[in-house]
Amino acid sequence: MVAWTIAGAVVTGLALLLRWQRPAWYWLAFGAPLALVRVLVRYGSVMDACGLTVPPSRLRLALARVTGSTVPNSRVPRILRLSVTRTGLVLRVKMRPGQDAFDYLASTDRLRHSFGLHGVAAREVRAGVVELRMTGYDVLRQVQMPARTDGGLLRLPVALREDGTVHYRDYRQVPHALNIGATQSGKSVYQRQLVAELAPQPVALVGIDCKQGVELAPLARRLSALAATPDDALAVLEALIERMEEIYQSIRREQRVSADTPNEEITADIWGLPEHLRPVPVVVLIDEVAELALSAGSKEEEKRRDRIVTALVRLVQLGRAAGIYVEVCGQRFGSELGKGITMLRAQLTGRTAHRVNDEASANMAFADISPDAVLATVQIPADRPGTAVAGDSSGGWVRIRTPHTSLRRAVNVCNAHAHLTPELPELADFRPALGPVPVESLPVAEAA
């Protein structure tokens, strides 16, 4: 009896320790079996209580009347698959006739409480099939990115979603994006994660940091150009526009559209060009857009500001086909920054908002996308830096959290891949002049 008591105490202590320090291990060892039993036992009653059942068919009712048997029960959606993941359960069900995926989406909070899980997200897989992705614990409390991700060229795993899946920043799908957030909200960590994932890829990185380069200068060994003042920023942007126009001329020369040209060889962007002719893609990182767009005092500074905004608008309108992608960061991004800003914002398809200090800042990012995303943004707690709401112009949005990427790790990654930094002739004057690359170890990413 004593031995059993000691063994039970040891197991309980181990479970509590795992739940606090290694929630994924606790979930796989203890949480998942209990959750599977709860879901399977409660499934029918929960679906009925949440209004996710349908009345019996007329044929069954008629047969019941003819045979004098009891009235058949409501029909429950059929389970197609129930699987365990590292972060929760995935339940795929076949909807009954007359149901819609929105019915399940509207019931996610009730399903969460009924099944005793941390969160439930619903999505339509195909006609008649809906998938319920249920998380067993708070995956955003201690972010641990999976060892294997489905990344690729310009498709970067940058954060973890609240449903346990990986959030990707795909520049070829969403060319330009806006990233806003208050001080100490995790905006700079998100930017470092982007640079750390882009550094090993065959792309050119251009930094514009008008805070005298304090954020991007440490990463300069992997930057093809760095502008630390508004004057340099204007020159860099205009040089990028010249590069864009030259690339368009190259595309025109290689199109040669005729009746005998194969369909796969007809292109209107750099990705359809032969590999030996394809120019290197360029990602432009703007650290604080307000320093570029704020109205200045003198007429000369006002003219420079207008030229900067005009160049930015041209880049985000036309740069995608030329392989130029723009990532705009700032604490606020609204009409108070002057004319042309709302036009610029309309071209920034991707939106990421970290913790903000007021609802107006959240409206700047998501008012034209989704009111629910605005509400989710203002509810981000201050003690969770790196937590953000990510969305795009389609209206979809999700909560994410970036793993903590220290400046030291980002610097080491950039130094280790400094030899991959492309030489851009148009931006040669702004290439950071640095000494030899120091030999340093590359630490792993720290958990947030």
Testing [options] one by one against [X] for a side chain to side chain contact (heavy atoms under 4.5 Å, CB included), which residue passes?
X: Trp397; options: Asp372, Thr377, Thr352; answer: Asp372
X: Leu344; options: Val313, Val326, Leu178, Leu315; answer: Val313
X: Leu52; options: Val93, Val130, Val46, Leu111; answer: Leu111

Is there a side-chain contact between [X] and [Y] in this structure, where contact means two heavy atoms from C-beta onward sitting under 4.5 Å apart?
X: Arg314; Y: Glu245; value: yes
X: Lys187; Y: Ile180; value: no
X: Arg305; Y: Ile308; value: no
X: Leu292; Y: Cys210; value: yes
X: Arg384; Y: Arg401; value: yes
X: Val328; Y: Asn179; value: no
X: Leu312; Y: Leu237; value: yes
X: Tyr325; Y: Val203; value: no

**Item:** Carboxylate-amine/guanidinium contact Arg112 Asp109, below 4.0 Å
**Value:**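 The answer is yes: the pair qualifies as a salt bridge.
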
How long is the gap from [atom1] on [X] to [atom2] on [Y], to the nearest 0.5 Å?
X: Asp209; Y: Leu219; atom1: CG; atom2: CG; answer: 9.5 Å
X: Thr87; Y: Met134; atom1: OG1; atom2: CE; answer: 11.0 Å
X: Leu240; Y: Leu424; atom1: CG; atom2: CG; answer: 8.0 Å
X: Gln201; Y: Glu197; atom1: CD; atom2: CD; answer: 8.0 Å
X: Glu288; Y: Gln331; atom1: CD; atom2: CD; answer: 5.0 Å
X: Asp100; Y: Met95; atom1: CG; atom2: CE; answer: 6.5 Å

Exam field: side chain [X] to backbone [Y], donor-acceptor pair closer than 3.5 Å:
X: Arg221; Y: Cys414; value: no
X: Ser224; Y: Pro422; value: yes
X: Arg399; Y: Glu162; value: no
X: Lys94; Y: Val129; value: no
X: Arg351; Y: Ala365; value: yes
X: Arg355; Y: Val378; value: no
X: Ser250; Y: Glu246; value: yes

**Request:** Could you please spell out the steps behind the side-chain contact (heavy atoms from CB on, under 4.5 Å) verdict for Val236 and Val206?
**Result:** CA-CA 9 Å; Val236 166; Val206 175; 3.7 Å; yes

**Message:** Among residues at least two apart in sequence or on other chains, which ones pass side-chain contact (heavy atoms from CB on, under 4.5 Å) with His118?
**Reply:**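 Applying side-chain contact (heavy atoms from CB on, under 4.5 Å) to His118 gives Thr135, Asp138.
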
**Residues that Ala121 engages under side-chain contact (heavy atoms from CB on, under 4.5 Å), provided they are two or more places apart** = Asp163

Greater than 12 external heavy atoms within 6.0 Å of [X]'s [atom1]:
X: Glu359; atom1: CD; answer: no
X: Gln173; atom1: CD; answer: no
X: Gln184; atom1: CD; answer: no

Any side-chain donor-acceptor pair under 3.5 Å between [X] and [Y]?
X: Thr405; Y: Arg192; value: no
X: Arg110; Y: Ser107; value: yes
X: Arg307; Y: Thr310; value: no
X: Gln99; Y: Tyr104; value: yes
X: Thr402; Y: Gln193; value: no

Identify every side-chain donor-acceptor pair in residues 274-287 under 3.5 Å, counting partners at least two apart or on other chains, and give the distances.
| residue | atom | partner | partner atom | Å |
| --- | --- | --- | --- | --- |
| Arg278 | NE | Ile270 | O | 3.3 |
| Arg278 | NH2 | Leu273 | O | 3.2 |
| Asp287 | OD1 | Gln191 | NE2 | 3.1 |
| Asp287 | OD2 | Lys211 | NZ | 3.3 |

Could you list the donor-acceptor pairs under 3.5 angstrom formed between side-chain atoms of residues 146-161 and any protein atom two or more places apart in sequence or on another chain?
| residue | atom | partner | partner atom | Å |
| --- | --- | --- | --- | --- |
| Arg155 | NE | Asp150 | O | 2.8 |
| Arg161 | NE | His167 | ND1 | 3.4 |
| Arg161 | NH2 | His167 | ND1 | 3.4 |

Which heavy atom of [X] sits nearest a heavy atom of [Y], and at what distance?
X: Leu226; Y: Ala217; result: CD2-CA, 3.9 Å
X: Ala182; Y: Ser185; result: O-OG, 2.6 Å
X: Val90; Y: Arg133; result: CG2-NH1, 3.7 Å
X: Glu131; Y: Val125; result: CB-CG2, 3.5 Å
X: Gly116; Y: Arg38; result: O-NH2, 3.3 Å
X: Leu420; Y: Pro200; result: CD1-O, 3.5 Å

**Asked** For residues 335-365, which residue pairs qualify under ring pair (Phe, Tyr, Trp, His ring centres under 6.0 Å), counting only residues two or more places apart or in two chains?
**Response** Tyr190-His354

**Item:** Sequence neighbours excluded - salt bridge (charged side-chain N to carboxylate O under 4.0 Å, His left out) pairs with any residue from residues 173-183
**Value:** none

**Message:** Quick check with a 6.0 Å cut-off and a 45 degree axis cone: is Arg86 positioned over the face of Trp27's six-membered ring?
**Reply:** no

**Message:** Can you see whether Tyr171 has Arg169 sitting over its ring - NZ or CZ less than 6.0 Å from the centre and within 45° of the normal?
**Reply:** yes

**Item:** Stepwise side-chain contact (heavy atoms from CB on, under 4.5 Å) check, His176 with Glu327
**Value:** CA-CA 6 Å; His176 315 296; Glu327 193 83 24; over 6 Å; no

**Message:** Checking Asp306 against Lys303 for the side-chain contact (heavy atoms from CB on, under 4.5 Å) test, could you report, in this order, the C-alpha distance in whole Å, the side-chain angles of both residues, the deciding distance, and whether it holds?
**Reply:** CA-CA 5 Å; Asp306 291 342; Lys303 291 179 180 178; 5.7 Å; no

**Request:** Report the C-alpha separation of Phe115 and Leu89 in whole Å, then their side-chain angles, then the decisive distance to 0.1 Å, and conclude whether the side-chain contact (heavy atoms from CB on, under 4.5 Å) test is met.
**Result:** CA-CA 11 Å; Phe115 289 137; Leu89 303 176; over 6 Å; no

